[in-house]
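Worksheet for the structure shown next.
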Amino acid sequence: MKIQDFKTADVKRLAEDRHKLVHTFGALAELGQAVTSKPNFQETMRMSLHLLLGSLAIMRGGVASYSRYGHELNMLAVRGFAEDFPLTLSLCYEDERQFLANGLYPIEISQAKVLPFFQIYDHSFESSDLELFVPLVVHDETVGAVFLGQKATGEPYTSYDREIICAMARHIGVAIAQRNMMAELERRADENRKLYENLRLTYNDTVKAFAAAIDRKDKYTEGHSVRVGKYSEIIASELGWTDQEVEGAAVAGYLHDVGKITVERKIINAPYRIDAKESSELNKHPRVGYEILMPINHPYADVPLAAKYHHERLDGRGYPDGLYDREIPFIAKIVNLADSFDAMTTDRPYKRRRPVNEVIDDLQRNSGKQFAPEIVNAFFRGIYREVTGEAKEKRFRRLLGREFMETQGIIPMLGSALNETASTSHRTYVSFD
Amino acid sequence: MKTTLTNAGILPSKQAVVYASDYLNKLAGEQIERECRLRLQEGCNELVVNFSQTELVNSIGVSILLGIIDSASNKGAKVVFSDVKQETVELFDMLGVTKHVDIQ
């Protein structure tokens, strides 16, 4: 055909087709952008419906998502439907089977009437002048449906219109599938969080039960491991550690003496100062504790190290390895102070509990020798904040008793000790092995 | 619509004028539709949509206009499009929108 053979009508039709193409492809491009960039799913669906209806000037329509749990279509966006149009449509197995068999292609309402759910909602569909129904099938899974009314021209849908609808419905289907996937991921993540929380609680309960079992072996120091756990927790908290780290410090305290389960009861319960041989036997408990705890996959790091090194001193005079200051794991330094404090503040068979002023003085004097100054300082701060009422929770009072915590002059004593330990630039011991 | 709420009003002949502008082509253009519905409920029997400041109309705009036409039709009111650019008239013609409105 030569160019001069074109009639005016042909030119007009070509121009109209081009105009139509530009308009529908513009809608398609905007839809692609909307489904990938809009953070609000409801807005995405409303916009998608506008673009679909506006691209072909369809008078009314709706987009629904499919719930495979409830076997129902839930309307996400609706335009121009009659007021009695149901917002939730129940489907049966046969409907789902037909959707999957049809795939993502528009079905004439007159043909869709054989579907069971169409027979139920026939009246509502008729009053809304529906013409087309498009199941949204993505990766062989029904994710929703699109309902469409008449075109503004009043003319039937052409094959070109159906192709456009098909392409746009695919975009909408993918957006719904992505949203479903995100919801499923969130649900699973939430489930995992709950499972982890249950595991954490079970672990902590087991640790506490273990601590109670360790303490049962020593009738004079009943509750020692639990108290060391609590003091370690307070110190870690005063040092500004995270909740998880504070919990880890508490666990390290609860389990620090686990090695004692292999030490003979008569040595642990000896109502006298034990001799060198017995002492050597008792001093094996840090290493044994480490060996017991090491194979366990703890949610907190350093729990076995705290058991192994909680009798080490900054000046290298501790055991089992005689480590110096920086060689000692920090958690072991915390447990060391908590352990010593509990030993000083509880009655022993050969020694009465010591008064608070003596204990504070002892910790202060040994700061930088046995204890790390920053840990002593954090510990004093914890007691100070409680006795001055700055900290509402009475943790020390619960562990030590009211009498101990209300000793006259305790506040200025702690204030001075705090200033002292804060200004101490502690000596660093280095091993020359 | 440039200033939908301030520029819209019911004239003595129960005619309401709304200005489209480029606002029509966004999701926020639904506000125009709500405004028109409100005017129809107040008894307006002729809705005039003014396109004097509307460069072009996209698919969202078409959808919103169809919503306005549908609402007006349900209330038995007339819809008039005024000051429409030739290109937009051609689009409305092609899509069949002009079957439902008067173009001034």
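Just so we're on the same page: letters track the sequence lines, and every chain starts at 1. These numbers come from the heavy atoms of this one structure, side chains and all, not from hydrogens, waters or symmetry mates.
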Gap separating the [atom1] atom of [X] from the [atom2] atom of [Y], nearest 0.5 angstrom:
X       : Y        : atom1 : atom2 : answer
B/Leu95 : A/Lys151 : CG    : NZ    : 9.0 Å
B/Asn74 : A/Glu83  : CG    : CD    : 9.5 Å
B/Met94 : A/His23  : CE    : NE2   : 6.0 Å
B/Ile60 : A/Ser48  : CD1   : OG    : 9.5 Å
A/Met59 : B/Ser63  : CE    : OG    : 10.0 Å

Query raised in the report: Relative to chain A, which segment of B/Ile64 carries a heavy atom at a distance below 4.5 Å: side chain, backbone, both, or neither?
Result: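 Contact with chain A: backbone and side chain both.
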Query raised in the report: For B/Glu90, is it the side chain, the backbone, both or neither that has a heavy atom under 4.5 Å from a heavy atom of chain A?
Result: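 When you check distances to chain A, atoms from both the backbone and side chain of B/Glu90 fall under 4.5 Å.
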**Report entry** Positive for side chain to side chain contact (heavy atoms under 4.5 Å, CB included) with B/Ser59, one of A/Leu52, A/Leu51, A/Leu56, A/Leu53
**Finding:**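 Between B/Ser59 and the candidates, side chain to side chain contact (heavy atoms under 4.5 Å, CB included) is satisfied uniquely by A/Leu51.
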More than 12 heavy atoms of other groups within 6.0 Å of [X] [atom1]:
X        : atom1 : value
A/Arg188 : CZ    : no
A/Asp140 : CG    : no
A/Phe25  : CZ    : no
A/Asn192 : CG    : yes
A/Gln119 : CD    : yes
A/Glu94  : CD    : yes

Query - Smallest separation among heavy atoms of A/Ala152 and B/Leu66, with atom names - result: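 Heavy atoms of A/Ala152 and B/Leu66 come nearest at CB-CD2, 4.1 Å.
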Query raised in the report: How far apart are the closest heavy atoms of A/Ala57 and B/Val97, and which atoms are they?
Result: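 Closest heavy-atom pair between A/Ala57 and B/Val97: CB-CG2, 4.4 Å.
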Query raised in the report: Taking A/His50 for the side chain and B/Leu27 for the main chain, is one N or O donor matched with an acceptor at less than 3.5 Å?
Result: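 No, A/His50 side chain to B/Leu27 backbone: no donor-acceptor pair under 3.5 Å.
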Query - Side chain / backbone / both / neither for A/Ile58 at chain B, heavy atoms under 4.5 Å - result: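 Backbone of A/Ile58 only, per the 4.5 Å heavy-atom cut-off to chain B.
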Query raised in the report: Side chain, backbone, both or neither: which part of A/Arg79 has an atom under 4.5 Å from a heavy atom of chain B?
Result: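 When you check distances to chain B, only side chain atoms of A/Arg79 fall under 4.5 Å.
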